[in-house]
Amino acid sequence: ALAVLGPAGSGKTTAVEAAVKECYNRDGKILIDAPTGRLAAAYRAKYPHLDVDTIHGAFLLYKREQETLELMIPFDLVIVEEVGQLAQWVFERLMALWEAAGRLTTLVFLGDFCQLPGVEPTSARDSPIWRSSVVSKMRLHTMRRCKCSLLAKKLEILRSAKPSAKQK
C-alpha cells in the first residue's frame, strides 16, 4: 500500500490523475473512494466511467468484515481519499481487505493529517499497520498551486501550529 501525503496544492490529485489515466489506458479496473458523499460526487462527475463511491458504500462497512473480504479483489487500483479522516478501525478494515486480495490490488491512500480530521477519536496513524513498513509513505512538501511565497509560508505554519506574534 502507498500513502501520498502533503498539504493542499502539493500535487496529490495530480498524482492520482496520472495513476488513473495510466491504469485506465491499460484497461485496469479502478475504484475511487472518499469519506464523504460530497467528495465522492465530485469524483463521480470527473470520472463517470469509473467506480466511485463513499468508503462506507464501497466496502460495506455496515457488514461484518468476513462478509466483505472479496470486495477489493476485482480492482487493479483502489484510491482512498482523505486518509486523515479515516478512523483506525476503517483503515485496518481496508488493510484486511487488501490482504484478502493477496495484496495484488494497488492500494493508494491520499491526504494530509494536518487538514480536517475525521469524526471519530482515532485515525489511521493510530494503527500499528500505518506505522509499519506495510504502508509506504510518499510525502509531498511543495505547495505548487500557491504562487505567493509569503502566503505559502503562512499556510504551512497554520497547518501544524498556532502562529507566534512574530509569524503573524
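Scope of the values below: all heavy atoms of this structure, side chains included, with no hydrogens, waters or symmetry mates. Being a predicted model, the structure only gives us computed values, none of them experimental.
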Query - Euclidean distance, Leu94 CG relative to Leu86 CG, rounded to 0.5 Å - result: 6.5 Å
Requested in this report: With sequence neighbours left out, write down each residue that passes ring pair (Phe, Tyr, Trp, His ring centres under 6.0 Å) with Phe59, or none if nothing qualifies.
Outcome: none
Query raised in the report: If you measure from CZ on Phe75 to CG on Leu50, what distance do you get to the nearest 0.5 Å?
Result: 10.0 Å
Query raised in the report: Got Val80 and Val108 here, is their nearest side-chain heavy-atom distance under 4.5 Å?
Result: no
Query raised in the report: Going by the salt bridge (Lys or Arg N to Asp or Glu O under 4.0 Å) test, which pairs reach into residues 60-73, not counting sequence neighbours?
Result: Arg64-Glu67
**Report entry** Side-chain heavy-atom pair Glu82, Leu110 within 4.5 angstrom cut-off
**Finding:** no
Requested in this report: Using the side chain to side chain contact (heavy atoms under 4.5 Å, CB included) rule, take Leu2 and Leu107 through it: C-alpha gap first, then chi angles, then the decisive distance, then the call.
Outcome: CA-CA 6 Å; Leu2 172 67; Leu107 177 59; over 6 Å; no
Query raised in the report: Do the ring centers of Tyr47 and Tyr24 come within less than 6.0 Å of each other?
Result: no
Requested in this report: Find the distance between NE2 (His56) and CG (Leu61) and round it off to the nearest 0.5 Å.
Outcome: 5.0 Å
**Report entry** Joint hydrophobic cluster, Leu104 plus Val134, side-chain heavy atoms closer than 4.5 Å
**Finding:** no
Requested in this report: Check Ala58 against Asp53 and note the closest heavy-atom contact, atom names and distance.
Outcome: N-OD2, 3.4 Å
Requested in this report: Check whether Leu60 and Trp89 end up in the same hydrophobic cluster, where Ile, Leu, Val, Met, Phe, Trp and Tyr are linked by side-chain heavy atoms less than 4.5 Å apart.
Outcome: yes
Query - Check: Ser132 and Met95 side chains under 4.5 Å, non-hydrogen atoms - result: no
Query raised in the report: Can you tell if the side chain of Phe91 reaches within under 4.5 Å of the side chain of Ile129, non-hydrogen atoms only?
Result: yes
Query raised in the report: In terms of hydrophobic clustering (I, L, V, M, F, W, Y; side-chain heavy atoms under 4.5 Å; direct or indirect links), are Leu69 and Leu71 co-clustered?
Result: yes
**Report entry** Side-chain touch Arg125/Val83, heavy atoms, less than 4.5 angstrom
**Finding:** no
**Report entry** Side-chain touch Ile32/Arg44, heavy atoms, less than 4.5 angstrom
**Finding:** no
Query - Spacing of CD belonging to Gln88 relative to CG belonging to Asp126, to within rounding of 0.5 Å - result: 5.5 Å
**Report entry** Shortest non-hydrogen contact between Pro35 and Gln85, atoms and distance
**Finding:** CG-OE1, 3.4 Å
Requested in this report: Taking Thr54 for its side chain and Ala34 for its backbone only, find out whether a donor-acceptor pair lies under 3.5 Å.
Outcome: no
Query - Residue pair Glu92 / Ser127, side-chain donor-acceptor N/O under 3.5 Å - result: yes
Report summary line: When rounded to the nearest 0.5 Å, the distance separating CG of Asp112 from CG of Leu5 is 7.5 Å
Query raised in the report: Do any N or O atoms from the side chain of Asn25 and from the backbone of Lys21 form a donor-acceptor pair under 3.5 angstrom?
Result: yes
**Report entry** Residue pair Glu22, Arg26: steps toward the salt bridge (Lys or Arg N to Asp or Glu O under 4.0 Å) verdict
**Finding:** CA-CA 6 Å; Glu22 183 70 24; Arg26 294 176 182 218; 2.7 Å; yes
Query raised in the report: Can you tell me how far CG of Asp76 sits from CG of Leu31, rounded to the nearest 0.5 angstrom?
Result: 11.5 Å
Query raised in the report: Would a 4.5 Å heavy-atom cut-off, applied to side chains only, mark Asp33 and Val52 as touching?
Result: no
**Report entry** Side chain to side chain, Trp130 and Lys137, heavy atoms closer than 4.5 Å
**Finding:** yes
